[in-house]
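Below you'll find the structure, written out as structure tokens, and then a few comments.
On a predicted model such as this, the values are computed, not experimentally measured, just so you know. First listed ligand is number 1; within each ligand, the first listed atom is number 1.
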Amino acid sequence: MNKFLLGTNWKMHKTEQEALAYTEVLKEAAKEYEEYQFFIIPPYTDLKGVKQLLKDSTIILGAQNMHWESEGPYTGEISPEMLKEIGINLIELGHSERRQYYNENDFDLNKKIKAAVRYGFIPLLCVGEYTEDKEYGVTQEVLSKQIKIALHGVSATDASKVWIAYEPVWAIGVNGIPADVNYVRQVHESIREVLVSLYGNETAHAMPILYGGSVNPGNALELSKQPHVDGLFVGRSAWDMITFKQIMELLNK
Ligand code: PEP
């Protein structure tokens with residue numbers, strides 16, 4: 001497996017000035033922590049400036065969403081063509097907020113994943129269950145459905161470029177309840193099994209599975225040690241470089 005993945009989606013936070021200031025600090029930190037593959041996913045308006053700043057850095061730059069068509073009558077959307085021109089490396093797809101507030105569904109995500117691989121981006125597919133799914137014992141079924149539809153018709157070669165982020169909806173954000181590490185371990189194992197059933201061992205193990213949802217300096221180390229946790233996808237705790245650096249330092253031990 002490659003380097004441990006450590007990154008963040010800024011959601012609708014950070015003006016360009018804030019984005020540049022943050023990126024300057026992260027760039028320096030990334031030089032100290034070469035054992036991690038860092039990635040950041042700013043809002044669209046920050047991408048060009050941040051890309052400029054990252055030109056001599058190994059930090060992967062991502063966008064928070066993307067349409068599957070290269071152009072067309074889709075007001076308010078951003079195409080793969082536009083992101084390619086900026087030099088984006090990764091596209092986050094299916095964050096639970098996109099699913100919840102903007103009707104993002106697995107079938108459209110399937111088109112987006114195919115478009116992303118066609119354009120040479122790394123698709124970062126987010127999956128996660130609601131509290132009710134967990135309570136009714138159908139987490140595995142829900143995640144399996146999300147993954148199978150999103151990857152439908154995606155070849156093993158293309159799938160090997162996909163990253164999966166497991167982000168239980170109940171664990172995300174200010175009202176999120178941090179997930180128990182044993183639960184995370186079991187779910188990551190079951191996600192790997194789904195990938196093995198779709199693509200066989202080799203491809204399934206080439207696909208990193210990240211965990212996200214209230215990752216913080218108190219739980220990052222334990223989470224990172226779990227089998228099949230190939231990276232951490234950090235929200236709030238990574239938007240402030242002080243707490244993000246604490247996490248880097250902790251994992252390093
Ligand atoms: C997220 O929303 O993807 C996330 C991981 O957020 P947080 O860490 O703030 O819960």
Numbered atoms and elements of ligand 1 in range of [X], under 4.0 angstrom, heavy atoms:
X      : answer
Lys11  : 1 (C), 2 (O), 6 (O)
Ser214 : 7 (P), 8 (O), 10 (O)
Gly173 : 7 (P), 10 (O)

Practice prompt. Answer yes when Glu222 and Lys225 have at least one side-chain N-carboxylate O distance shorter than 4.0 Å, and no when they do not.
Written response: yes

Discussion item. Between Lys31 and Glu28, does any NZ, NE, NH1 or NH2 come within less than 4.0 Å of an OD or OE carboxylate oxygen?
Written reply: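 Yes.
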
Using distance alone, decide if ligand 1 has a nitrogen or oxygen within less than 3.5 Å of any nitrogen or oxygen in [X].
X      : value
Gly213 : no
Phe233 : no
Glu167 : yes

Heavy atom of the protein closest to [atom] (residue, atom name, distance):
atom                   : answer
atom 1 (C) of ligand 1 : His95 NE2, 3.3 Å
atom 9 (O) of ligand 1 : Arg236 NE, 2.6 Å
atom 8 (O) of ligand 1 : Gly235 N, 2.9 Å

Item to complete: Using ring-ring contact (aromatic ring centres under 6.0 Å, His included) as the criterion, list what pairs up with His13, not counting sequence neighbours.
Response: Trp239

Discussion item. Filter on salt bridge (charged side-chain N to carboxylate O under 4.0 Å, His left out), then keep only pairs touching residues 100-126, sequence neighbours left out; what's left?
Written reply: Arg98-Glu104, Arg99-Asp106, Glu104-Lys112, Asp108-Lys111

Worksheet item: Which of these, His188, Gln37, Arg192, sits in a side chain to side chain donor-acceptor pair (under 3.5 Å) with Asp230?
Response: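 One option only clears the test, and that one is Arg192.
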
Worksheet item: So do Asn89 and Phe39 actually touch side chain to side chain, heavy atoms under 4.5 Å?
Response: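 Result no, sub-4.5 Å side-chain heavy-atom pair not found.
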
Discussion item. Classify the ring geometry of Tyr22 against Trp10: parallel below 30°, tilted from 30° to 60°, perpendicular beyond 60°.
Written reply: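 Taking Trp10 first and then Tyr22, their aromatic rings stand perpendicular (interplane angle over 60°).
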
Discussion item. When you measure from the heavy atoms of Asn9 to every atom of ligand 1, does any distance fall below 4.0 Å?
Written reply: no

